[in-house]
Amino acid sequence: MSRQLDNDNPTIFAPTTSKTSKRIQKGKASLWSQDALSDEDELGYSSGSGSGEEREDIDSEEVYDLLRSITDPEHPVSLEALRVVNQDDIHVAGNRVLVYLTPTIPHCSMSTLIGLSLRVRLLRALPPRYRVDIRIKSGTHQSEHAVNKQLNDKERVQAALENKHLLNVVEGCLSTADKRGSA
């Protein structure tokens, strides 16, 4: 027997046009490209040499590009198309990344799972120096405080990822994450 959906008929929006990040406008490779990875190796970033050279920071556009194509756990649609994530709700300051997610309905039971998928994607993609906070956008969920507490508690996140079923669902959501910037 299949589970009843929380939101049987979600509103689906057209994908946003991909903007060129400030990093690319400055003539540098996208942080997620192979060229950027080899640049980091040349500068000693990944070797931990402590050369004192300034590291390239990421911007909200690059973080959005990582998250936009993650699939919703209930529907075969991207989080971007559902407007669960959008660029205006992603903030990067120094080594901190703050992402606000907007559930499609106020009682969405998938909010924690979506937030966990966002966290896993960023933890896998960003260098370890970044601290990631995932939060429900204020006023968009009836259990916003409880969900925020779950999403930002390291022990709860670790316990969730040790659950094979949950991990399989997260992996399913992330299976489309390599389609960054494509509709």
Side-chain angles (χ1 to χ4, degrees), residues 1-16 18 31-32 58 60-92 96-128 130-183:
M1 186 166 133
S2 65
R3 186 178 89 70
Q4 183 178 357
L5 301 177
D6 282 348
N7 188 356
D8 292 334
N9 191 19
T11 303
I12 299 174
F13 300 90
T16 59
S18 184
L31 189 60
W32 319 117
I58 60 170
S60 62
E61 295 160 0
E62 289 173 307
V63 173
Y64 178 65
D65 198 34
L66 285 169
L67 302 177
R68 67 195 290 176
S69 59
I70 294 172
T71 304
D72 181 77
E74 280 191 321
H75 305 283
V77 179
S78 74
L79 296 182
E80 173 189 31
L82 293 171
R83 292 208 180 142
V84 171
V85 294
N86 65 68
Q87 190 174 329
D88 294 335
D89 292 333
I90 298 172
H91 308 281
V92 179
R96 298 199 57 171
V97 176
L98 174 60
V99 177
Y100 288 101
L101 69 97
T102 306
T104 57
I105 53 176
H107 58 277
C108 179
S109 65
M110 295 290 142
S111 296
T112 306
L113 189 55
I114 292 169
L116 183 62
S117 298
L118 296 175
R119 176 171 294 285
V120 168
R121 175 66 174 142
L122 292 177
L123 289 175
R124 289 178 180 175
L126 296 178
Y130 286 97
R131 176 164 183 232
V132 175
D133 289 319
I134 308 290
R135 300 199 172 277
I136 300 291
K137 191 170 184 177
S138 183
T140 62
H141 196 280
Q142 64 188 18
S143 302
E144 143 189 358
H145 178 70
V147 174
N148 287 340
K149 187 174 181 178
Q150 286 181 315
L151 291 176
N152 293 295
D153 183 321
K154 288 181 182 181
E155 288 81 18
R156 289 182 190 201
V157 169
Q158 185 62 39
L161 294 176
E162 289 173 1
N163 180 316
K164 289 187 189 295
H165 175 69
L166 276 179
L167 185 59
N168 286 337
V169 175
V170 168
E171 293 293 347
C173 293
L174 297 180
S175 66
T176 57
D178 63 334
K179 296 173 177 44
R180 299 191 290 267
S182 60

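Starting from 1, each residue takes its place in the sequence as its number.
- Residues in residues 96-120 take part in these salt bridge (charged side-chain N to carboxylate O under 4.0 Å, His left out) pairs, two or more places apart or across chains: Arg96-Asp133.
- Put simply, the side chain of Leu116 reaches to within 4.5 Å of the side chain of Val157, judged on heavy atoms.
- Just one of Thr104, Ile134, Leu79 meets the side chain to side chain contact (heavy atoms under 4.5 Å, CB included) condition when paired with Ile114; it is Leu79.
- In this structure a side-chain-to-backbone donor-acceptor pair under 3.5 Å is present from Asn148 to Ile136.
- With rounding to the nearest 0.5 angstrom, the CG atom of Leu82 is 12.0 Å from the CG atom of Leu101.
- Side-chain contact between Leu161 and Leu166 is absent, with no heavy-atom pair separated by less than 4.5 Å.
- In this structure, Ser175 OG and Ile70 CD1 are separated by 10.0 Å, a value rounded to the nearest 0.5 Å.
- Rounding to the nearest 0.5 Å gives a distance of 11.5 Å between OG of Ser78 and CG of Leu67.
- Between the OG1 atom of Thr102 and the NE2 atom of His141 there is a distance of 11.5 Å, given to the nearest 0.5 Å.
- Inter-residue side-chain proximity for Leu151 and Arg135 is flagged as unmet; no heavy-atom pair is nearer than 4.5 Å.
- The distance from atom CD1 of Ile90 to atom CG of Leu98, rounded to the nearest 0.5 Å, is 9.5 Å.
- Among pairs with a residue in residues 155-169, those fulfilling salt bridge (charged side-chain N to carboxylate O under 4.0 Å, His left out) read Asp153-Arg156, at least two apart in sequence or across chains.
- To the nearest 0.5 Å, atoms CD (Gln142) and CD1 (Ile105) are separated by 9.0 Å.
- Counted by atom type alone, Thr71 and Thr176 present one or more donor-acceptor pairs between their side chains at under 3.5 Å.
- Residues Arg83 and Asn86 approach most closely at O-ND2, 4.4 Å, considering heavy atoms.
- Shown here for Glu74 and Asp72, the closest heavy-atom pair between the two residues is N-OD2, 2.9 Å.
- Contact annotation: the side chain of Tyr130 approaches that of Ile58 to within less than 4.5 Å [non-hydrogen atoms, C-beta and beyond].
- Listed by chain and number, the residues in a side-chain contact (heavy atoms from CB on, under 4.5 Å) with His165 are Asn163, Val169 (sequence neighbours excluded).
- No donor-acceptor pair under 3.5 Å is formed between the side chain of Glu61 and the backbone N or O of Gln87.
- A distance-only check finds a donor-acceptor pair linking the side chain of Arg121 to the backbone of Leu66 [under 3.5 Å].
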